[in-house]
Amino acid sequence: MPAPDADRVLHGTGPAKIAEGVVAFPFPGHTRGSVLFLADERYCFSGDSFYWSRATADIEVADSVTWYSISELAASLARDANRLRFEWLLPGHGDRRRLPADDMAERLRGLAARTRELRPRPIDFTAMRW
């Protein structure tokens, strides 16, 4: 379901160019309608799909607060991990981080593999430490 004030609704799971240099990737998982934005192949606005963790010094998913489906989030990562090239990770929560694009790509592939192993669990509103 799109946000009530959405001016454009994406259909399917393929990326969509929404402006010069800006591509939207439907990224269901955290919510059914989660979207990730890639700008100029440099900036990744990941919303709540994944973030930089201070605790692990890596890209992580917040599976304890994945409202819709951790399995769908794993599928989103598997589908798009090899297509996403960026230097800056700019999440909705957690730290932002800049690394070389090759390093980010390797970390994203690792995240896809780790997330594939996760299973649904109850939401724990007190568990998240960014």
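Side chains are part of it too, since the values below use all heavy atoms of this structure and drop only hydrogens, waters and symmetry mates.
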Does the side chain of [X] reach to within under 4.5 Å of the side chain of [Y], using non-hydrogen atoms?
{"X": "Val9", "Y": "His11", "value": "yes"}
{"X": "Asn82", "Y": "Leu108", "value": "no"}
{"X": "Pro15", "Y": "Arg83", "value": "yes"}

Identify every side-chain donor-acceptor pair in residues 21-30 under 3.5 Å, counting partners at least two apart or on other chains, and give the distances.
residue	atom	partner	partner atom	Å
His30	ND1	Val65	O	3.1
His30	NE2	Asp48	OD2	3.3
His30	NE2	Trp67	NE1	3.0

Would Leu89 and Phe45 count as a side chain to side chain contact (heavy atoms under 4.5 Å, CB included) if you check the C-alpha gap in whole Å, the side-chain angles of each, and the deciding distance to 0.1 Å? CA-CA 6 Å; Leu89 174 57; Phe45 297 89; over 6 Å; no
Give a yes or no answer on whether the side chain of Thr66 reaches the backbone of Ser69 with a donor-acceptor pair at less than 3.5 Å.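 Answer holds: no.
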Sub-3.5 Å donor-acceptor pair from the side chain of Ser34 to the main-chain atoms of Thr31, do we have one?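 Yes, because the side chain of Ser34 sits within donor-acceptor range (under 3.5 Å) of the backbone of Thr31.
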Separation of [Y] [atom2] from [X] [atom1] (nearest 0.5 Å):
{"X": "Leu111", "Y": "Arg109", "atom1": "CG", "atom2": "CZ", "answer": "12.0 Å"}
{"X": "Leu73", "Y": "Arg116", "atom1": "CG", "atom2": "CZ", "answer": "12.5 Å"}
{"X": "Arg107", "Y": "Asp102", "atom1": "CZ", "atom2": "CG", "answer": "12.5 Å"}

Intermediate values then yes/no, side chain to side chain contact (heavy atoms under 4.5 Å, CB included), Cys44 and Phe50: CA-CA 10 Å; Cys44 176; Phe50 51 85; 4.0 Å; yes
Ion pair present between Asp63 and Arg119, side-chain N to carboxylate O less than 4.0 angstrom?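 A salt bridge is absent here (no side-chain N lies under 4.0 Å from a carboxylate O).
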Go through it in stages, so that I can follow the logic: the residues are Asp103 and Arg98, the test is salt bridge (charged side-chain N to carboxylate O under 4.0 Å, His left out), and I'd like the CA-CA distance, side-chain angles, deciding distance and then a yes or no. CA-CA 10 Å; Asp103 192 7; Arg98 180 175 189 241; over 6 Å; no
Are [Y] and [X] co-members of a hydrophobic cluster defined by side-chain heavy atoms under 4.5 Å apart?
{"X": "Tyr68", "Y": "Ile70", "answer": "no"}
{"X": "Leu10", "Y": "Leu36", "answer": "no"}
{"X": "Val35", "Y": "Tyr43", "answer": "yes"}
{"X": "Leu84", "Y": "Leu90", "answer": "no"}

Give the C-alpha distance, both sets of side-chain angles, the deciding distance and a yes or no for side chain to side chain contact (heavy atoms under 4.5 Å, CB included) between Phe86 and Leu38. CA-CA 8 Å; Phe86 58 90; Leu38 194 61; 3.8 Å; yes
Among residues at least two apart in sequence or on other chains, which ones pass side-chain hydrogen bond (donor to acceptor under 3.5 Å, both in side chains) with Glu72?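 Once residues adjacent in sequence are excluded, Glu72 has no partner under the side-chain hydrogen bond (donor to acceptor under 3.5 Å, both in side chains) criterion.
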Begin from the C-alpha positions of Glu60 and Asp58 and carry the test side chain to side chain contact (heavy atoms under 4.5 Å, CB included) through to its verdict. CA-CA 6 Å; Glu60 301 291 352; Asp58 206 350; 3.9 Å; yes
Please check if atom CZ in Arg42 has more than 12 non-hydrogen atoms from other residues, nucleotides or ligands closer than 6.0 Å.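 Buried by this count: over 12 neighbours within 6.0 Å.
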How would you list, by chain and number, every residue that makes a side chain to side chain contact (heavy atoms under 4.5 Å, CB included) with Arg97, sequence neighbours excluded?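 Counting only residues at least two positions away or on another chain, Arg97 forms a side chain to side chain contact (heavy atoms under 4.5 Å, CB included) with Trp52, Leu99, Met104.
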Going by atom types only, do Ser49 and Ser46 share a side-chain donor-acceptor pair under 3.5 Å?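 Distance-only check fails for Ser49 and Ser46.
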